[in-house]
Undergrad: 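Can you keep this structure in mind? I'll have questions shortly.
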Amino acid sequence: MVLQILIRVLLLSTLLQTGVRSLKDTLFVYSRLRGEALLPCTKPTSPDCSGITWTFFKGGQVRYTEEIIGGRVNSNSDKSSRTTITSNCSLFLRDLIVEDAGSYVCLENQIVVSDVYLSLLSIRSASPITELQPGGILTMTCILFTYYDAGSCKPYSTTFRIHWLDEDGKQLPKDHERYNLTENTRCNITLVTKLQMEDNNRKWRCQVDTTENKKETFLDFKSSFLFQTDQTVQPSVTEDCPAELPVSRIVLCVLLPLMVCIVGFFTWKSDQKRAKTSASVIELRDIY
């Protein structure tokens, strides 16, 4: 079994190096984590896809698997529950995970038909939830999981670029006073910004474009503040309850004095009862 896998890997590597596939059969597909992807098998001649085989190869990890064999989903593949072959022999993947990024080859009767590179977009934030408030520092990293590894771009990556956009869909400049952009690689860009009041529930978008300025896919990150404020409530200014406090503090300022009064009242009533009971006991002692 191991020998067969090694032979197939060597065969695939030979096909890649000798240029058996033409440029028009080399396709780049972009999607997002937990999303879906349709990988085309160009110009198949089998009407029922019986001669179609789909293989998967992951660079760096040297991982090779057969996803479709004879037009049917390979039940031994870890992707089998998320894989479907369409009527035109294309490969459909759903609930995408990081490990799905890689090179997929469609073969018909062992002849390469198309080579598809699947890359997956993801946004990761290093900021704790307590930073999601005005004045907090929000750090977000946009990563494109490619053929080799997360954020590792190889020569073919010149076919695309990733960037952060503002709410108007315009690319964020690197020298903006509010944003600090760090391009770790072409597949890994970090955005750092100091949050303001208007950033509550704001969407931060990372987008993948091709060199032909065609939008391929995008992913949004929503910055919802941990503590919400209600600016429409403006109680009278007092020493203990200043204006424009969060609703929770306003409620606390109102309820706390009320609770103190209630506790004091019941304490006073209890003292009165104890006093009467003590007086009755004393009177009984005097009588006897």
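Bear in mind the structure is a predicted one, so any value in this text is a computation, not a measurement.
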Undergrad: Could you tell me if the side chain of Glu167 sits less than 4.5 Å from the side chain of Arg202, heavy atoms only?
TA: yes

Undergrad: Which is it for Ile68 and Val73 under the side-chain contact (heavy atoms from CB on, under 4.5 Å) test, yes or no, and what are the steps along the way?
TA: CA-CA 5 Å; Ile68 303 293; Val73 177; 3.8 Å; yes

Undergrad: Could you check whether any side-chain N or O of Asn74 sits under 3.5 Å from a backbone N or O of Glu66, counting only pairs where one atom can act as donor and the other as acceptor?
TA: yes

Undergrad: Check whether Ile129 and Ile123 end up in the same hydrophobic cluster, where Ile, Leu, Val, Met, Phe, Trp and Tyr are linked by side-chain heavy atoms less than 4.5 Å apart.
TA: yes

Undergrad: Show, in sequence, the C-alpha distance, side-chain angles and deciding distance for Phe218 and Arg32, and conclude whether the side-chain contact (heavy atoms from CB on, under 4.5 Å) test is met.
TA: CA-CA 8 Å; Phe218 65 87; Arg32 64 187 75 176; 4.3 Å; yes

Undergrad: Can you tell me if Glu216 uses its side chain to pair, donor with acceptor, with the backbone of Val29 under 3.5 Å?
TA: no

Undergrad: Shared ILVMFWY cluster between Trp164 and Val192, side chains joined below 4.5 angstrom?
TA: no

Undergrad: Applying the side chain to side chain contact (heavy atoms under 4.5 Å, CB included) criterion to Leu121, which one of Leu96, Leu33, Leu219 satisfies it?
TA: Leu219

Undergrad: Output the distance between atom CE (Met197) and atom CD (Gln133), rounded to the nearest 0.5 Å.
TA: 10.0 Å

Undergrad: Once rounded to the nearest 0.5 Å, what's the spacing between atom CG of Leu107 and atom CD1 of Ile52?
TA: 8.0 Å

Undergrad: Does a side-chain heavy-atom distance below 4.5 Å link Thr182 with Asn184?
TA: yes

Undergrad: Which pair of non-hydrogen atoms, one from Pro40 and one from Trp54, has the smallest distance, and what is that distance?
TA: O-CH2, 3.5 Å

Undergrad: Would you check, one step at a time, whether the test side chain to side chain donor-acceptor pair (under 3.5 Å) holds for Asp209 with Gln207?
TA: CA-CA 6 Å; Asp209 291 345; Gln207 183 170 297; 2.9 Å; yes

Undergrad: Evaluate Tyr104 against Asp115 for side-chain contact (heavy atoms from CB on, under 4.5 Å), listing each step before the verdict.
TA: CA-CA 6 Å; Tyr104 294 80; Asp115 190 3; over 6 Å; no

Undergrad: Look at the side-chain heavy atoms of Ile, Leu, Val, Met, Phe, Trp and Tyr, link any pair under 4.5 Å apart, and say whether Ile162 and Leu165 land in one connected group.
TA: no

Undergrad: Check whether any side-chain N or O of Ser80 sits under 3.5 Å from a backbone N or O of Asn76 as a donor-acceptor pair, and report yes or no.
TA: no

Undergrad: Below 4.5 Å, heavy atoms only, C-beta onward: do Ser122 and Arg124 meet side chain to side chain?
TA: yes

Undergrad: Mind telling me whether Tyr117 and Phe28 have parallel, tilted or perpendicular rings, with 30° and 60° as the class edges?
TA: parallel

Undergrad: Starting from Ile69, can I reach Leu93 by hopping between I/L/V/M/F/W/Y residues whose side chains sit under 4.5 Å apart?
TA: no

Undergrad: Measure from the side-chain N and O atoms of Ser127 to the backbone N and O of Thr139, and report whether any donor-acceptor pair falls under 3.5 Å.
TA: yes

Undergrad: Does a donor on one side chain sit under 3.5 Å from an acceptor on the other, for Ser77 and Glu67?
TA: yes

Undergrad: Among Ser114, Ser90, Cys89, which residue satisfies the side chain to side chain contact (heavy atoms under 4.5 Å, CB included) criterion with Thr42?
TA: Ser114

Undergrad: Between Val105 and Phe57, is there a side-chain heavy-atom distance shorter than 4.5 Å?
TA: no

Undergrad: Would you say that more than 12 heavy atoms from the other residues, nucleotides or ligands in this model lie under 6.0 Å from the CD1 of Ile137, or not?
TA: yes

Undergrad: Measure the shortest side-chain to side-chain distance between Thr55 and Thr65 over non-hydrogen atoms and say whether it is less than 4.5 angstrom.
TA: no

Undergrad: Tell me whether the guanidinium CZ or amine NZ of Lys58 lies under 6.0 angstrom from the six-membered ring centre of Tyr64 and within 45° of its axis.
TA: no

Undergrad: Apply the test side chain to side chain donor-acceptor pair (under 3.5 Å) to residues Thr84 and Arg94: give CA-CA distance (whole Å), side-chain angles for both, the deciding distance (0.1 Å), then the verdict.
TA: CA-CA 9 Å; Thr84 305; Arg94 58 185 179 276; 3.2 Å; yes

Undergrad: Does Thr185 reach the main-chain N or O of Cys187 with its side chain, forming a donor-acceptor pair under 3.5 Å?
TA: yes

Undergrad: Run Cys206 and Phe221 through side-chain contact (heavy atoms from CB on, under 4.5 Å) and show every step you take.
TA: CA-CA 8 Å; Cys206 180; Phe221 181 92; over 6 Å; no

Undergrad: About how many Å separate CG of Leu191 and CD of Glu183, when rounded to the nearest 0.5 Å?
TA: 13.0 Å

Undergrad: Verify the distance criterion only: is there a donor paired with an acceptor across the side chains of Glu36 and Ser31 at less than 3.5 Å?
TA: no

Undergrad: Is any side-chain heavy atom of Lys79 less than 4.5 Å from a side-chain heavy atom of Phe56?
TA: yes

Undergrad: How many angstroms lie between atom CZ of Phe160 and atom OG1 of Thr217, to the nearest 0.5 angstrom?
TA: 12.5 Å

Undergrad: Side chain of Asn200, backbone of Phe225: donor and acceptor closer than 3.5 Å?
TA: yes

Undergrad: Is a side-chain N or O of Asp100 found less than 3.5 angstrom from the main chain of Ile97, in a donor-acceptor match?
TA: yes

Undergrad: Should the pair Asp199-Arg178 be classified as a salt bridge under the 4.0 Å nitrogen-to-oxygen rule?
TA: yes

Undergrad: Check whether any side-chain heavy atom of Leu120 sits under 4.5 Å from a side-chain heavy atom of Leu144, and report yes or no.
TA: no

Undergrad: Report yes if the side chains of Ser119 and Phe145 come closer than 4.5 Å at any heavy-atom pair, otherwise no.
TA: no

Undergrad: With clusters defined by side-chain heavy atoms of hydrophobic residues (ILVMFWY) lying less than 4.5 Å apart, directly or transitively, does Leu172 cluster with Leu138?
TA: yes

Undergrad: Evaluate Arg205 against Asp220 for salt bridge (charged side-chain N to carboxylate O under 4.0 Å, His left out), listing each step before the verdict.
TA: CA-CA 4 Å; Arg205 173 166 295 185; Asp220 292 331; 2.7 Å; yes

Undergrad: Quick check: does any side chain N or O of Thr190 sit under 3.5 Å from a backbone N or O of Thr141, one acting as donor and the other as acceptor?
TA: no

Undergrad: Please answer whether the main-chain N or O of Lys170 pairs with a side-chain N or O of Asp168 as donor and acceptor at a distance below 3.5 Å.
TA: no

